[in-house]
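Everything below concerns the one structure shown next.
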Amino acid sequence: MTNQYLDPIAATEQPRENFIRHLMTAYPLRDPHLRYGLKKQLEQPGTVWQHPYLEGSQPYRAASSVSNLVSQGILHPEMESLFQPSQRSLYEHQEKAVETVIKDKQNIVVATGTGSGKTECFLIPMLDMLLKEEENLSLSGVRALILYPMNALVNDQVKRLRKLLCRQETVKIRFGFYTTRTETTPKNAEESLRRELQAYEGKELQELFTATEKKNSDLSTKDKLVEAAIAKITAIQAISREEIWEKPPHILVTNYSMLEHMLIRPKERQEVFAASQNTFKMLVVDEAHTYSGSTGSEVSMLLERLKVAVGVEKEQLRCIATSASLGDKSVDPQVLKFASDLFGEPFKQVIRGDRVTATERLGQSYSLPSELSNEEIFDYLSIIELPSQDDSLDIWQDTLSSIVPLERLADAKSKARGNIHKFLWYVLKQHPLIHRLINILNRQPQSWEQVVKSSELWGIELPVHLDGTIEEKYIEEAKPALAHLLQLGTLARENKDDLPLLPVRLHLLFRSLEGVYACVNPKCSGAESDPDYRDQTIKYGRLYLNEKKTCDDCNSPVLELGSCSQCGQAYIFTQIIKNKLKSLPRSNAALKDNPNIYTLTSGVLDSETEEEENGESEIESAAPKTLILQQRDGWIGLAVDKNFDSTTQVDGEFNLAWHRSKDAENLKGCYLPKCAACGIRPIRALAINRFVTYV
Ligand SMILES: [Zn+2]
Ligand SMILES: [Zn+2]
């Protein structure tokens, strides 16, 4: 029968293929060997994609409630009406975040998993801090700024803040969000809010009202509900830019590019930030991990400018960053360093979520009888064919008899009353293999490959080669075994709305492409050739997806690759300063009118054949000159005023075709504004693109 279950292997293959196809279309290459080589590179794990990550989502360990924290005098009494039901337990990490920020007055990084209530980790301390201002709150001015990387996340936050702040008995705390979507005038903003609310479900709108309000007002039709919601929202939210300028709200939510914009414009700098100079005290950066790498320093400069604009000195600000939860405690020092650099403020605490162990949640696991060995369970799981969910429990019982003791199956069957999910719950909830998987995933999200190869999971040592790698044959067995185990564990649940026995999330990680680099030696041993185009000349050597100076295979120079978005002509670039080869500046703006940049090809253009080389090409552009790469003390580049001719190359040197614009003077270089092959000259974009994406 066909497999109707979640297949973690297939689920990750499709997005990966789509991503690679997208890159190959966005950066076309006419040279078949380059195209073939690049695709092969992109298909390697760890380049632009990583093996999927498995995150176990067992419940987090619970701690005190908001009510408890109020009675301990940690939280302001009014917090009870905002966070309802206030007796519900917070997670342990939420309580720790609250205590660290409020009691210890420290900055924190919240690095907990998906669904861990990260937002509460900063909203509780933030709202508490505001309420504790008491009468001071009537003073206008921003107290806290929440920064998101993109609009989609801002919108979620706006909904959540509205719901929370609408619960205030008398309105004390107001917020505003400032993005490209924020209308300027209150009138337009109200119209836009009306359209937004009309698209909501009635239930969602009802949540904005307290029980008393629902009893005392007429919310019987959608229109009445929308109008009442507008009245409630405009009391707690500054919905237009003009209102934000006039009376900056206590909490301001925005995204990275809007903040940059606001700090440049005198209007916002004055009316929003300078007006908050005596009030500003908290900065929250959500999804801070998105600013790793080169964007990190840009964000850090932006935050520095914000601090200047609101007039806060170092260490006067309470800072909270939230981040993805990859890695475990061992990377905390790096996480803290990253946050300290980003905010320019000291960070000492990473808050991580602690999940309940398998035993705590499910009871002690049983030991397997001697006739069910770990080896046999592993072998059987890799070939098992799961019955359909509609099949009888007898069929299921029969199928599972090779991995579960018989008396457990019989017992589960009597408790399950024909329900397959219940049956699997009782069958597996104390199975040692399930417990091992839960405890492994509880530690941290882990790559699928890592879990597949885990001898701790299978309870057996997978046979290894002499070099220590596991024999491929066993990995190929372990993959379906893990997939089947996950399928069983996600189907197993005690009651319909309960968490399954194995709540897991599969994360796909893609990385941006930060340039493609090509060895200039066509005879390089690392050169790829597309078997379908054997007759076409190979022009470049090995390709690299990270910056390189010389080739690992042949020690020839490696230059950055680019291509024409119109015709796919490949180019290589270098920057030459005092004859030395330098890498290109990171920013495209620094390429324009830069006389040190040389636009090159190895051999003739991809659209020309060798015979055409000396003939007139249809595109009128200057005939390419020659750039010679020579090895001295490292590789150097010499621009020569001599028409390019590939036949004059001296051994140990590389002659490259150097393309110049028609009006080029003397021997200066340039980033070619027009493709030499097809002549396209876009007005706003570059004619030739580097292989750089920002995912
Ligand atoms: Zn090479
Ligand atoms: Zn072109």
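Only heavy atoms go into these numbers, but all of them, side chains included; no hydrogens, no water, no symmetry mates. For ligands, and for the atoms within them, numbers begin at 1 and follow the listed sequence.
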Does the side chain of His507 pick up a donor-acceptor pair with the side chain of Glu55 at under 3.5 Å?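 On atom types as modelled, these side chains qualify, holding a pair under 3.5 Å.
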Between Thr322 and Asp286: side-chain donor-acceptor atoms closer than 3.5 Å: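 Looking only at side-chain atoms, Asp286 and Thr322 do form a donor-acceptor pair, the distance falling under 3.5 Å.
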Suppose you place the vertex at the Zn ion (ligand 2); what is the angle out to Cys675 SG and Cys567 SG, to 10°?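 It rounds to 110°.
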Apex the Zn ion (ligand 2) - arms SG from Cys678 and SG from Cys564 - angle rounded to 10°: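 SG of Cys678, the Zn ion (ligand 2) and SG of Cys564 span an angle of about 110°.
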Residues forming a side-chain contact (heavy atoms from CB on, under 4.5 Å) with Asn596, sequence neighbours excluded: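 Only Gln575, Ile577, Asn594 meet the side-chain contact (heavy atoms from CB on, under 4.5 Å) criterion with Asn596.
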Residues that Arg534 engages under side-chain contact (heavy atoms from CB on, under 4.5 Å), provided they are two or more places apart: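 For Arg534 the side-chain contact (heavy atoms from CB on, under 4.5 Å) partners, ignoring immediate neighbours, are Pro531.
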Whether Asp641 and Lys625 form a salt bridge (side-chain N of Lys/Arg under 4.0 Å from carboxylate O of Asp/Glu) is what I want to check.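 A salt bridge links Lys625 with Asp641.
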Partner set under salt bridge (Lys or Arg N to Asp or Glu O under 4.0 Å) for Lys580, not counting sequence neighbours: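 Per chain and number, Lys580 pairs via salt bridge (Lys or Arg N to Asp or Glu O under 4.0 Å) with no residue.
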Every N, O or S from the protein that is nearer than 2.8 Å to the Zn ion (ligand 1):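 Checking every protein N, O and S atom gives Cys519 SG, Cys524 SG, Cys551 SG, Cys554 SG.
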Between Leu561 and Phe691, what is the shortest heavy-atom contact and its length?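 Scanning both residues, the minimum pair turns out to be O-CD1, 3.4 Å.
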